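Bear in mind the structure is a predicted one, so any value in this text is a computation, not a measurement. Sequence lines set the chain letters: A, B, ... in the order given, protein chains first and strands last, and positions in each chain run from 1.
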2 protein chains.
Amino acid sequence: MSWSKKGGGESRGYHHGNLKEALIRAALDLIAKKGAAGFTFAEAARWAGVSPAAPYRHYRDRDELLSDVARRGFDLFQAALVRAWDDGRPDPATAFDRMGKAYLEFARNEPAYYSAMFEAGVPLDGHPDLRQSSDAAFGVLRGATEKLIATMPAQNRPPVMMMALHIWALSHGIASLFGRGDSARRPLPMSAEELLEAGTLLYLRGLGVPDSSKTTRS
Amino acid sequence: MSWSKKGGGESRGYHHGNLKEALIRAALDLIAKKGAAGFTFAEAARWAGVSPAAPYRHYRDRDELLSDVARRGFDLFQAALVRAWDDGRPDPATAFDRMGKAYLEFARNEPAYYSAMFEAGVPLDGHPDLRQSSDAAFGVLRGATEKLIATMPAQNRPPVMMMALHIWALSHGIASLFGRGDSARRPLPMSAEELLEAGTLLYLRGLGVPDSSKTTRS
DNA sequence: AGCTCATGTGAAGAGCATTTACATGACCGG
DNA sequence: CCGGTCATGTAAATGCTCTTCACATGAGCT
């Protein structure tokens with residue numbers, strides 16, 4: 001077993017063997033603990049047990065690490081949305097609602113990723129990979145919106161993009177303002193999930209979608 | 001005229017005379033230019049023409065300056081919303097829409113304030129003044145929502161707080177994701193203002209509010 | 001004029017970002 | 001098994017920022 005690289009334990013040799021992943025994990029911990037601004041390259045290196053210069057073999061600078069965290073976040077986010085949407089099963093309305101919950105769940109359970117993705121000020125320009133992952137994640141939302149609209153009466157269907165942007169903005173607004181238990185909290189009369197569900201329901205009703213809630217169940 | 005303090009020009013003496021204000025202005029410039037994270041205490045001091053230690057006579061540390069910027073931002077924000085709401089004239093629906101535009105206008109014209117208020121991660125706890133200013137600004141939105149709801153048929157009025165939170169989340173989501181020309185831009189099929197107006201209209205329609213748009217005019 | 005205290009300075013310690021020259025050893029061909 | 005090469009890691013150095021402390025200045029009061 002010549003497992004000098006990966007493996008269950010920590011390799012202690014001169015070479016770390018898995019530094020990039022270790023740096024990502026360290027960054028996530030630090031961002032979760034002290035915010036995207038408080039995370040430092042040097043501390044991530046320390047956490048990974050390497051010298052402060054080592055990270056530069058994997059990332060041009062601190063921003064590039066942050067950008068990579070954001071990109072991976074978008075990929076995970078996309079996967080979570082895809083999973084929740086589940087191709088619109090059992091019906092688009094139900095799946096859409098489930099996707100909204102998944103949105104908030106991601107923001108709550110992965111605050112570090114979410115922060116890097118939307119609040120760290122990482123510019124999408126100049127990071128084609130990041131832009132692509134971001135677009136792909138939004139694409140899931142857009143596709144779901146399209147399918148949902150297709151179930152509506154044909155005479156007055158809204159523009160897909162507009163509706164997708166509305167849903168995204170509402171979801172992000174709720175996640176950003178009320179979605180995390182960390183700090184800027186404000187006492188709410190209802191949970192973020194309930195808030196998003198009610199908001200989406202009212203919005204859909206405004207579009208002329210008949211209330212599809214089964215009277216029973218939340 | 002013993003004007004050794006304020007005045008039109010720059011006082012050059014040992015004492016600055018107006019450092020606190022100068023630091024705020026420097027902070028706003030720097031935040032607008034390089035983001036809330038990129039702003040440094042030392043650079044603000046340099047910009048104000050004082051030594052790096054001088055700011056500590058006015059703020060305990062960098063975070064307290066940021067917090068003060070956020071507080072002033074909320075106060076200006078509140079004033080802008082109050083002005084736009086104009087006590088619901090000529091009618092709550094019109095005034096409400098105007099307030100939405102003012103929300104986005106503030107986010108666009110004062111990105112530094114907006115950033116400090118919502119994206120810099122300044123904790124509301126431990127800053128009672130900040131919390132109070134924040135609450136006051138939200139109070140304007142809440143009050144306007146209440147007045148708007150009062151014009152609705154009495155049988156199915158929504159909870160004021162829920163609706164206010166929905167409107168806030170939608171506004172913040174749009175402002176945060178699409179409202180600034182700075183970076184994370186994404187090509188939109190419509191302006192942020194149109195997006196917010198349409199979203200609010202649909203939401204209100206979902207609440208059962210008859211479409212009050214005058215068919216003409218945007 | 002003289003006092004006093006808020007306000008500003010200079011210097012210093014500690015931490016971080018980043019670069020550069022150098023060290024190590026993983027992997028590959030022989 | 002041997003030696004070379006190159007990705008990966010280190011040490012040291014520079015320059016910046018944050019923050020504190022002892023000290024300087026002068027604005028405003030008496």
- What are the two closest heavy atoms between B:E64 and B:H58, and how far apart are they?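 That closest heavy-atom pairing would be OE1-O, 4.3 Å.
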
Which is true for [X] with a 4.0 Å heavy-atom rule: it touches a base, it touches only sugar-phosphate, or it touches nothing?
X     : value
A:F41 : sugar-phosphate
A:T40 : sugar-phosphate
A:A53 : base

Can you tell me how far [atom2] of [N] sits from [atom1] of [X], to the nearest Å?
X     : N      : atom1 : atom2 : value
A:D61 : C:dC16 : CG    : P     : 17 Å
B:E21 : C:dT7  : CD    : P     : 13 Å
B:H58 : C:dG8  : NE2   : C1'   : 8 Å
A:W47 : C:dC16 : CH2   : P     : 17 Å

Counting side-chain heavy atoms from C-beta on, which of [options] comes nearest to [X]?
X     : options                : result
B:R57 : C:dA17, D:dC23, D:dC18 : D:dC23
B:R62 : D:dG9, C:dC16, D:dT19  : D:dT19
B:Y56 : D:dT10, C:dT9, D:dT19  : D:dT19

Classify the angle between the aromatic ring planes of [X] and [Y] as parallel (below 30°), tilted (30 to 60°) or perpendicular (above 60°).
X      : Y      : result
A:F39  : A:F41  : perpendicular
A:Y114 : A:F77  : perpendicular
B:F118 : B:Y103 : parallel

- Task: Check whether any side-chain N or O of B:R46 sits under 4.0 Å from OP1 or OP2 of D:dT17, and answer yes or no.
- Result: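 B:R46 to D:dT17 OP1/OP2: side-chain N or O found under 4.0 Å.
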
